[in-house]
Amino acid sequence: QVQLVESGGGLVQAGDSLRVSCAASGRTFSNYTMGWFRQAPGKEREFVAYISWGVGRIRYADSVKGRFTITRDNAKNTVYLQMNSLKPEDTAVYYCAAGTSYGGTSLTMYDYWGQGTQVTVST
């Protein structure tokens, strides 16, 4: 069992930066691939980024590549998503997820989900 809690969301202007965090309860946090997904109203939840528990493989969605950075601190059981150069289209609820597979971009590859944190980017 893993419990995930996101934090750090808020209202920012286009071009600003924001870092969201996800705190996990599991003692074996380092053995999980951690992913970030986001969901805007009326849209499907979409992949944003993941960082594996293996050799540190990292993947980003094309829409955020070069702007977002995912990191993890296993000692703190926390994964972060640093979001720079935010755009209005980044507005969504951001969810973190944990999975026992090596890594993946599909929702079905993750077993645990947080409740999400709202990120709103205004013009």
A40 versus A92, closest heavy-atom pair with distance: N-CB, 3.9 Å
Return yes when atom CD of Q118 has more than 12 non-hydrogen atoms of other residues, nucleotides or ligands closer than 6.0 Å, and no otherwise. yes
Donor-acceptor check, side chain of Q115 to backbone of E6, threshold 3.5 angstrom: yes or no? no
Would you check if L4 and M34 make a side-chain contact, meaning some heavy-atom pair closer than 4.5 Å? yes
Give a yes or no answer on whether the side chain of S25 reaches the backbone of Q3 with a donor-acceptor pair at less than 3.5 Å. yes
Would you indicate whether E46, at its atom CD, is surrounded by more than 12 heavy atoms from other residues, nucleotides or ligands within a distance under 6.0 Å? yes
Here the ring pair (Phe, Tyr, Trp, His ring centres under 6.0 Å) pairs for residues 104-123, sequence neighbours left out, are F37-Y110, F37-W113
Could you state whether V48 and Y60 fall into the same hydrophobic cluster, counting links through intermediate Ile, Leu, Val, Met, Phe, Trp or Tyr residues with side-chain heavy atoms under 4.5 angstrom apart? yes
Side chains of Y50 and I58: does their closest heavy-atom pair fall under 4.5 Å? no
Look only at the side chain of T78 and the backbone of K76, and say whether a donor-acceptor pair between them is shorter than 3.5 Å. yes
Walk me through it: do V79 and T71 pass the test side chain to side chain contact (heavy atoms under 4.5 Å, CB included)? CA-CA 6 Å; V79 63; T71 58; over 6 Å; no
Measuring from S122:OG to L86:CG, what's the distance to the nearest 0.5 Å? 10.5 Å
Run the numbers on T117 and S7 for side chain to side chain contact (heavy atoms under 4.5 Å, CB included), then give the verdict. CA-CA 6 Å; T117 185; S7 63; 5.6 Å; no
With distance as the sole test, does R72 use its side chain to make a donor-acceptor pair with the main-chain N or O of T33 at under 3.5 Å? no
Among pairs that include at least one residue of residues 79-92, which meet side chain to side chain donor-acceptor pair (under 3.5 Å), considering only residues two or more places apart or in two chains? S17-N84, R38-D90, R67-D90, Q82-N84
Honestly curious: do V2 and M109 fall in one hydrophobic cluster under the side-chain, below-4.5 Å linking rule? no
Residue among L81, V12, L11 satisfying side-chain contact (heavy atoms from CB on, under 4.5 Å) with L18: V12
Side-chain touch M83/V20, heavy atoms, less than 4.5 angstrom: yes
Salt bridge (charged side-chain N to carboxylate O under 4.0 Å, His left out) against K43, all qualifying residues, sequence neighbours excluded: none
Indicate if F68 and Y95 have the same hydrophobic cluster label, given that clusters are the connected sets of ILVMFWY residues with side-chain heavy-atom separations under 4.5 angstrom. no
Does the side chain of Y94 come within less than 4.5 Å of C22's, by heavy atoms? no
